[in-house]
Amino acid sequence: MAAKGKKVMVTVRKAPHGSIYAQEAIEVMFIFASYDMDLSVVFLDDGVLALHKGQDTQGLGIKGFMASLGALVDWEVTNVYVDRQSLRERNIAEDAIISIGKNEATDAPIMPKVLDSAEIAKMMAVQHGIVSF
Amino acid sequence: MKLSVLVLEGPYNHQASDSAYNFIHAALAKGHTIQGIFFYDDGVYNATKFSDPPQDDRHIVKRWSELGAKGIDLVVCVAAAKRRGITDEVLAPDIRISGLGQLASMIDESDRIVTFGD
């Protein structure tokens, strides 16, 4: 299949509900994963707000995508990273972010990996392509 | 170099589609190849044939169609298009509607993917 094995990164940089970027970025993640790309996903800048626990979009009248984010692993989106500095700047504790799925055997939550900006930069440097939302 | 371009914003409201066009123009002039142009999010509004700007303004949609007529593959995401009323009936010439898988293929076949968004 096309794109098999190539390293591609999707970044989510924008706050989750004021615009559609985060939501449509998730669609891209699902498709890229289904194309067997070597996909990594990074939440940074205001994008880290998408992973903050306890969100409810009912009052906004929009379909929330928190359930999709909480099940990324089920869609084979497993390499998910969060920028530590972005969390800190927004006063979000590293344990106040949602899990992206559950371990099938143990039912334990699978958490996105919190990394320093320098580590994320290193990952970016080795990508074949980066798609930025 | 083989380049693909992703456009995430609609025309006129935002600089992104102008910047994308200017980038492509410059890249072609330097001898690079444009593997494809993919329109996503509000970027799908770049593909409506009903766009009719004042005569003294640039015609953004027509510019895209001209690139399409030259043989460059211009693809509008079907899911993003359906949300926004962009169907085959309103599609400008030499642009096609397809799925996000086309973006995956473009990235695969290109040396670089360049995103133009907010």
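The sequence lines fix the lettering, A, B, ..., with proteins before strands; numbering per chain opens at 1.
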Quiz prompt | Contacting region of B:Asp118 [heavy-atom separation from chain A under 4.5 Å] | solution = both
Quiz item: Has B:Arg84 got more than 12 heavy atoms of other residues, nucleotides or ligands less than 6.0 Å from its CZ?
Solution: yes
Exercise. Go through the atoms of B:Ala80 and report whether side chain, backbone, both or neither lie under 4.5 Å from a heavy atom of chain A.
Key: both
Quiz item: Quick one: does A:Phe133's side chain get under 4.5 Å of B:Asp41's, heavy atoms only?
Solution: yes
Quiz item: Is there any residue in residues 13-25 of chain A with a non-hydrogen atom under 4.5 Å from a non-hydrogen atom of chain B, and which ones are they?
Solution: A:Arg13, A:Lys14, A:Ile20, A:Tyr21, A:Gln23, A:Glu24
Practice problem: Determine whether more than 12 heavy atoms belonging to other residues, nucleotides or ligands lie under 6.0 Å from atom CG of B:Asn13. | Solution: no
Practice problem: Might you point out which heavy atoms bring A:Tyr35 and B:Ser105 nearest each other, and give the distance in Å? | Solution: CE2-OG, 4.3 Å
Quiz item: Atom CZ of A:Phe30 and atom CG of B:Leu100: how far apart are they, to the nearest 0.5 Å?
Solution: 12.0 Å
Quiz item: Side chain, backbone, both or neither: which part of A:Val28 has a heavy atom under 4.5 Å from chain B?
Solution: both
Quiz item: Side chains of B:Leu103 and A:Phe32: does their closest heavy-atom pair fall under 4.5 Å?
Solution: yes
Quiz item: Can you get from B:Leu3 to A:Val8 by hopping between Ile, Leu, Val, Met, Phe, Trp and Tyr side chains that sit under 4.5 Å apart?
Solution: no
Quiz prompt | Residue-level contacts of residues 108-129 of chain A with chain B, using a heavy-atom cutoff under 4.5 Å | solution = A:His128, A:Gly129
Exercise. Identify whether B:Tyr40 and A:Ile31 are in the same connected component of the hydrophobic contact network (ILVMFWY, side-chain heavy atoms under 4.5 Å).
Key: yes
Quiz item: Given side chains that start at C-beta, do those of B:Ile107 and A:Lys6 come closer than 4.5 Å, heavy atoms only?
Solution: no
Quiz prompt | Counterpart residues, side chain to side chain contact (heavy atoms under 4.5 Å, CB included), relative to B:Glu66 (two or more places apart) | solution = B:Lys62
Quiz item: Any residues in residues 42-49 of chain A near chain B, with a heavy-atom distance under 4.5 Å, and which are they?
Solution: none
Self-check item: Residue B:Ser110 versus chain A: region with a heavy atom under 4.5 Å
Solution: backbone
Quiz item: With hydrophobic residues grouped by side-chain heavy-atom distances under 4.5 Å, do B:Val7 and B:Val75 end up in a single group?
Solution: no
Practice problem: Check whether B:Leu6 gets within reach of chain A through its side chain, its backbone, both or neither, counting any heavy atom under 4.5 Å. | Solution: side chain
Exercise. Check the hydrophobic clustering (I, L, V, M, F, W, Y; side-chain heavy atoms under 4.5 Å; chains of links allowed) and say if A:Val12 and A:Tyr81 are grouped together.
Key: no
Practice problem: Identify whether B:Val78 and B:Trp64 are in the same connected component of the hydrophobic contact network (ILVMFWY, side-chain heavy atoms under 4.5 Å). | Solution: yes
